[in-house]
Amino acid sequence: MTDGRQKSVYAIAGAAAAAGLLALGLQTWYGSRKRGLFRQLRKQMLLDDAGLVLVRDDFCKQMVDGLAKDRPSSLLMIPSMVDIIPTGNERGEYLALDLGGTNFRCVYIKLGEGKGQIDDVKIEQCEIPEHHFTSPAQDLFAFMADRMVTFAKKLGFSRARDGERPVVGFCFSFPCEHISLNSGKLIRWTKKFANPGAVGNDPVQMLEEAFDKIDFPVDVDCMVNDTVGVLAAARYVDSSVMIGMILGTGTNACYVEKIDNVQKLQQTPRKRRRTMIINIEWGAFTSKTLPKLDFDRDLDASSTNPGAMQLEKLTSGMYLGEVTRRILLKFAEETGLFGGPVPTLQEEDALTTPDTSKIDHDSTFFGGPTADILRSELGLGHWQTFWDRQLVRDIVRLVAQRSSQLIAAGIAALLRQMERDGTFGPMERTVVAVDGGMFQHYRAFREELLSALERIMGVEAAHQIVLKHQQDGSSMGAVTMAGAAAPSQVGPD
Ligand code: ADP
Ligand code: MG
């Protein structure tokens with residue numbers, strides 16, 4: 001080899017080595033910037049032991065304020081007027097109507113002779129035609145009554161069976177001010193519903209009128225929301241159920257409270273009852289103790305209800321995917337993740353909670369399923385590296401961990417309010433009945449929730465808490481409540 005040729009080979013090799021070192025340096029520099037930001041976020045989003053206690057204590061304080069006559073609180077603490085809880089001793093055949101999301105359901109149940117025994121259940125899901133989300137309320141209720149009568153007739157119910165009207169329970173998952181177990185006023189429609197003529201009126205009365213109009217009179221003997229339904233359904237088979245919780249699109253919880261503690265109660269409940277289910281509406285919990293960051297504030301500002309539902313926006317299925325997307329965008333802007341803030345990453349709701357839970361459940365070494373989701377949902381084909389995928393997985397888990405910590409703090413607060421958290425005596429086994437798609441399908445979240453409970457309550461006390469998935473909780477709750485409320489039932493508290 002000539003001298004000149006040798007020199008140019010050395011020069012090329014030197015340049016290649018320098019470029020390699022530069023790339024490695026850049027990667028490390030970017031990597032450390034990314035990891036640095038991640039460590040910073042982790043510190044700000046997760047609560048240490050003291051932080052958890054602060055959230056729990058503010059939750060407890062606001063629960064007490066919400067139960068008082070006129071003290072401000074972000075927790076509505078709505079007395080459900082459910083002062084009878086299924087005991088498992090109810091008997092008979094009942095119908096229920098469940099209106100909550102995009103479908104409504106007709107339900108039939110036959111309660112058997114043994115305690116907690118269910119002899120037969122039939123559930124029919126009916127799609128609500130699009131125009132009924134905005135039609136006059138009367139038309140929506142007429143539509144539901146009509147479908148229910150068809151369903152009931154198929155089961156052999158007739159207009160005046162045994163001389164008595166069929167008893168119907170109503171699961172109506174919209175905020176209502178209750179006057180009694182089967183009367184109240186709709187405060188506002190939520191979700192997709194906006195039917196004129198309902199707000200301020202009694203949904204039970206509207207439903208009974210709809211049945212009367214088609215000459216099939218029924219007795220609607222209870223109206224409950226989904227959280228209360230979940231508690232009631234679970235209670236029918238297990239008397240240690242004390243809390244009902246929803247973790248789906250939104251989140252909410254209810255619990256069994258001593259009537260003496262419900263100072264704002266205006267109506268006197270039936271004398272022999274000592275407890276009542278309180279619908280906390282906990283999605284609305286607002287507190288300085290909540291770990292909210294700039295991306296949470298941006299999410300709130302661009303939501304349909306800015307300033308409202310703070311806890312829900314940090315915890316529930318409607319939001320976790322979007323929180324994750326906003327954090328990824330922050331990384332893209334500040335650390336060059338994915339080569340910068342590509343347009344797909346800037347689209348609201350480009351990532352859903354089912355997507356992020358799939359990423360969280362990706363147990364492969366190279367993160368193939370994570371790569372698939374980043375590609376299909378965010379169009380991030382060639383910008384992602386192995387290390388980026390690890391970072392995305394860590395971010396997804398961080399968002400789930402924060403949510404689980406806050407939900408655990410809420411459960412711990414409820415248990416303290418019920419004097420069942422182990423500080424008032426030995427901790428008793430307590431069942432929390434939970435329904436909702438996020439709880440049901442997001443296994444890693446459930447595991448985080450259990451470990452957060454251990455941290456806030458101590459391992460021994462936390463092991464006395466059972467989180468039990470209550471399938472079809474809201475519908476089943478409405479029928480078991482209809483059974484408990486029926487005049488023929490005489491079960492004790
Ligand atoms: P709703 O709360 O409207 O009554 P569901 O209880 O069925 O309805 O919950 C649906 C919600 O659950 C979805 O909006 C979604 O956020 C969440 N979800 C559904 N599937 C999953 C999943 N695989 N992982 C995480 N969350 C999920
Ligand atoms: Mg639901």
Side-chain angles (χ1 to χ4, degrees), residues 96-105 107 123 125-128 133 170-175 189-193 224-231 233-234 244-254 279 281-284 299 303-305 309 311-326 348-363 369-370 372-373 376-377 392-393 395-404 407 432-449 467-478:
L97 223 148
D98 181 356
L99 180 71
T102 45
N103 296 301
F104 88 94
R105 303 204 282 175
V107 190
I123 300 183
Q125 182 147 308
C126 314
E127 204 175 313
I128 302 173
F133 289 106
F170 190 18
C171 182
F172 186 67
S173 303
F174 302 90
W189 283 117
T190 56
K191 297 165 250 191
K192 274 172 78 181
F193 291 85
V224 293
N225 82 351
D226 50 2
T227 322
V228 175
V230 167
L231 175 54
M245 193 166 104
I246 299 286
L247 252 175
T249 309
T251 183
N252 191 11
C254 68
N279 167 17
E281 290 289 339
W282 84 4
L299 182 151
S303 69
T304 50
N305 48 0
M309 310 305 281
L311 182 71
E312 188 156 284
K313 285 172 184 163
L314 295 172
T315 55
S316 81
M318 184 163 164
Y319 301 101
L320 294 196
E322 174 63 3
V323 170
T324 308
R325 181 196 66 86
R326 283 174 184 269
E348 261 182 42
D349 296 321
L351 212 54
T352 65
T353 306
D355 295 331
T356 59
S357 82
K358 265 186 225 139
I359 291 176
D360 211 350
H361 292 158
D362 172 6
S363 56
T370 301
D372 290 345
I373 288 168
S376 64
E377 304 310 312
V392 171
R393 293 206 255 189
I395 291 170
V396 160
R397 177 55 67 94
L398 181 59
V399 172
Q401 276 175 328
R402 177 175 67 167
S403 164
S404 66
I407 297 290
V432 182
V434 197
D435 196 11
M438 185 169 137
F439 182 82
Q440 185 179 359
H441 301 296
Y442 199 164
R443 174 185 41 77
F445 174 87
R446 292 197 302 270
E447 290 163 6
E448 288 293 342
L449 182 55
L467 300 175
K468 180 184 165 205
H469 175 229
Q470 187 69 31
Q471 185 75 41
D472 297 324
S474 53
S475 306
M476 292 295 287

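We're numbering straight along the sequence, starting at 1. FYI, side chains are in, hydrogens and waters are out, and symmetry mates aren't considered; it's all heavy atoms of this structure. One-based numbering, in listed order, for ligands and for the atoms of each.
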[atom2] on [Y] to [atom1] on [X], rounded to 0.5 Å:
{"X": "M309", "Y": "S303", "atom1": "CE", "atom2": "OG", "value": "10.5 Å"}
{"X": "T251", "Y": "I407", "atom1": "OG1", "atom2": "CD1", "value": "4.0 Å"}
{"X": "L311", "Y": "S403", "atom1": "CG", "atom2": "OG", "value": "8.0 Å"}

What atoms of ligand 1 come closer than 4.0 angstrom to any heavy atom of [X]?
{"X": "G317", "result": "16 (O)"}
{"X": "G436", "result": "6 (O)"}
{"X": "T353", "result": "25 (C), 26 (N)"}

Side chain, backbone, both or neither: the part of S357 lying under 4.0 Å from ligand 1 by heavy atom: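 The side chain, only.
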Any N or O on [X] sitting closer than 3.5 Å to an N or O of ligand 1?
{"X": "T249", "result": "yes"}
{"X": "I246", "result": "no"}
{"X": "M438", "result": "yes"}

message: Going by the rule ring pair (Phe, Tyr, Trp, His ring centres under 6.0 Å), which residues pair with H469 if we only count those two or more places apart in sequence or in a different chain?
response: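 Partners of H469 under the ring pair (Phe, Tyr, Trp, His ring centres under 6.0 Å) test: none.
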task: May I ask you to check whether T352 and D355 show a side-chain donor-acceptor distance below 3.5 Å?
output: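 Indeed, the side chains of T352 and D355 share at least one donor-acceptor pair under 3.5 Å.
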field: salt bridge (Lys or Arg N to Asp or Glu O under 4.0 Å) partners of R446, counting only residues at least two apart
entry: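 Testing R446 for salt bridge (Lys or Arg N to Asp or Glu O under 4.0 Å), a comparison that skips the adjacent residues, returns none.
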